[in-house]
Number of protein chains: 2
Amino acid sequence: MTLREIAELAGVSPSAVSRYLNGGSLSAAKYEAIDKVIKETGYVPNQVAHDLRTGRVRQVGILVPKIHSKSVSQVVEGAHEVLAEAGYMTVLGSLEHAPDSVGRYLDWMQAYHMAGAIVMAANDADVRNGTYKNCDIPLVVTGQHFKDCNCVYHDDFNAAKDLTKLLLKKGRTRIGCVSAPKTDPAVGVGRIEGVKAALWEAGFTPAPPTVISDFHMESGYEAMQQLLADHPDLDGIFCATDSMGQGAMMALKESGRRIPEDVSVVAFGNDWANQVSSPQLTTAELYQTQCGRDAASILLDILEKGSEPSYTRQIMLGYRIMERGSV
Amino acid sequence: MTLREIAELAGVSPSAVSRYLNGGSLSAAKYEAIDKVIKETGYVPNQVAHDLRTGRVRQVGILVPKIHSKSVSQVVEGAHEVLAEAGYMTVLGSLEHAPDSVGRYLDWMQAYHMAGAIVMAANDADVRNGTYKNCDIPLVVTGQHFKDCNCVYHDDFNAAKDLTKLLLKKGRTRIGCVSAPKTDPAVGVGRIEGVKAALWEAGFTPAPPTVISDFHMESGYEAMQQLLADHPDLDGIFCATDSMGQGAMMALKESGRRIPEDVSVVAFGNDWANQVSSPQLTTAELYQTQCGRDAASILLDILEKGSEPSYTRQIMLGYRIMERGSV
DNA sequence: AATTGTAATGAAATCGATTGCAAAAATCTG
DNA sequence: CAGATTTTTGCAATCGATTTCATTACAATT
């Protein structure tokens, strides 16, 4: 069923049908005739032809490091919510099985003339080699702060600082860290900087002993064992993510230490698992869903309100400390 | 930059450029000339125009009840993996903020002439009112079994039966259930049927006391309290999902019962939280990622191999019982 | 009744690719 | 080397919409 066929059936010109669909001056008689034919035939306009002619594609790409992860799925959910509301489709691109394909995905999205894209920046390598710059659709980066680039990110620094202050307030003075790979600037670097800042302000000058782990619970478990082997007297542990925090708690309990009597533990993410572990794990909650919503809103601002695209918008989101039994 | 401009710059006809892009007889000299111009200008063919002309859109829609959920994100991940590999984009549609819009999404996907769609059927209302039937792009339904419909689903019945047999093997004879709403045929009905079948075969004729809960931990907690109020002597609890299982364990512990000494608990889903709770929760793991992969593969079979579309394919996936401390 | 302004109408061009077809060029026969 | 065969080539039509523009119809004004 094409627009032309509808026009013939209704005895009008194609232009009239187009005006029926998109609004334009049309006599009541013709309107009715077209309406009737369309209802009868169940005609649906070909969106591809529409998009080609108008040059506007109501699709937004979202690039993520992987899909099945709490923070990622929350950001996607937030973005989808806002985009769907505004009539845009969300097109997914995951880097999990093709880690170096940010450029390929962006090319693809440009080829489709998509309205814009949201990029969850897991690492900043692509920013350094300029993948984002020479892209002629509007982009918003999430989870990481970059100069000259629309972005929505979390206050990892202060959240980590507050968690550390909480450890100090509980009388902990020998703090150790289970960190994440440095390739992730926000998680692997920013959070540890927050810890250091809190310790520095409290007068503890040497940097805290830190072991780098790779996000998983098992790896957090091993990292904790290593920390304990080198520094058996630690009494406060900062973990960069919840799963590593849970792994660390396992190692601590296994070593005979009591939480929080002997050691306090804090982590990051507010996963629901933290409520079922014993003790419950104290964490900082980041507003991931809001992050996705805000990224989408920025995009819509650029697309719909036609606001200055060269002006870069940056949004830093807050956090919430969830104090639980582990401190 | 359009194909025509490239043709002019290279001094050839548009057809030649098209042949360069899509493969077709072309002299070496012309090939080189076009290649040079394309490399210099960074030309990317307009995919929308391509799709309009060929009538083939390399996009597949995936309809989900919500995005941020373990099982959903796993299915999406599996589907995306297979689709991306085959050169298709994954377009997301979530029903969370527009519960009744399965039809609207399908219309949208048809308007875009997408290659196909994967539908995670959270409830079967849409099947009953035929939303899926009068859709002229190929569909694959996941998570639920339907006649005359491509689908990939789990063996909820036997998984639940095996979990129940495990309870029986541990000497539990007074079994209670925390179930899910009946609007979800697989989770809310199929799993309980499995429990009943196991009990029946073991000679326990009366149906087990069952309270319906709505998936969340809090609601599982309340359901368990109610079960205990009505049947204080229960010694084995079957929960239809992990989160409800964790809620149930909380209620049991709070009532002073010891797990697994006084009561055994089993649930469904193998969430990682089950490893950090104490005791660790025994569950059945379903292969959600595989479910997504299989759904995508069925679609690709229909699209690429052009296999009989009227022939419906049905795949039932297995499961794995993860026995842990809660039994 | 003549004039002016506004609303309605459809023919034709356009978006940016692909493709059938006939003509031209190159290659292969004997 | 003429003739048959195959490979290259570009013109023009096409996919299914939108949109400009010139024209017609109609109502309002003087």
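Chain letters run A, B, ... following the sequence lines, proteins first and then strands; every chain starts at 1.
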Taking all non-hydrogen atoms of both residues, which atom of [X] and which atom of [Y] are closest, and how far apart?
| X | Y | value |
| --- | --- | --- |
| A:Y88 | A:Q59 | CD2-N, 3.9 Å |
| A:Y287 | A:L317 | O-CD1, 3.7 Å |
| A:R313 | A:N150 | N-OD1, 2.9 Å |

Between atom [atom1] in [X] and atom [atom2] in [N], what is the gap in whole Å?
| X | N | atom1 | atom2 | value |
| --- | --- | --- | --- | --- |
| A:I34 | D:dA17 | CD1 | P | 13 Å |
| A:Y31 | C:dT9 | OH | P | 14 Å |
| B:Y112 | D:dA17 | OH | P | 14 Å |
| A:E5 | D:dT14 | CD | C1' | 15 Å |

Query - Touch class at under 4.0 angstrom, heavy-atom based, for A:S27 against every strand present - result: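 The residue A:S27 makes sugar-phosphate contact but no base contact.
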Query raised in the report: Looking only at side-chain N and O atoms, does A:S25 come under 4.0 Å of OP1 or OP2 in C:dA8?
Result: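 The answer is yes; a side-chain N or O of A:S25 sits under 4.0 Å from OP1 or OP2.
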Query raised in the report: For C:dA8, does either OP1 or OP2 sit under 4.0 Å from a side-chain N or O belonging to A:K30?
Result: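 No, because none of the side-chain N or O atoms of A:K30 sits under 4.0 Å from OP1 or OP2 of C:dA8.
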Query - From B:I315, B:T142, B:I118, B:L303, residue fulfilling side-chain contact (heavy atoms from CB on, under 4.5 Å) relative to B:I298 - result: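 The option that passes is B:I315.
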Query raised in the report: Should the pair A:Y20 and A:Y31 be assigned to parallel (<30°), tilted (30 to 60°) or perpendicular (>60°) ring geometry?
Result: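 Rings of A:Y20 and A:Y31: tilted, as their planes differ by 30° to 60°.
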**Report entry** Pair A:Q110-A:Y105, side-chain donor/acceptor within less than 3.5 Å
**Finding:**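 On atom types as modelled, these side chains do not qualify, holding no pair under 3.5 Å.
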Expected rows: protein N/O vs nucleotides 15-19 of chain C N/O, under 3.5 Å:
residue, atom, partner, partner atom, Å
C:dA17, OP1, B:Y43, OH, 2.9
C:dA17, OP1, B:N46, N, 2.5
C:dA17, OP2, B:L3, N, 2.3
C:dT18, OP1, B:N22, OD1, 3.2
C:dT18, OP1, B:N22, ND2, 2.8
C:dT18, OP2, B:S18, OG, 2.8
C:dT18, OP2, B:N22, ND2, 3.3
C:dT18, O2, B:R53, NH1, 2.4

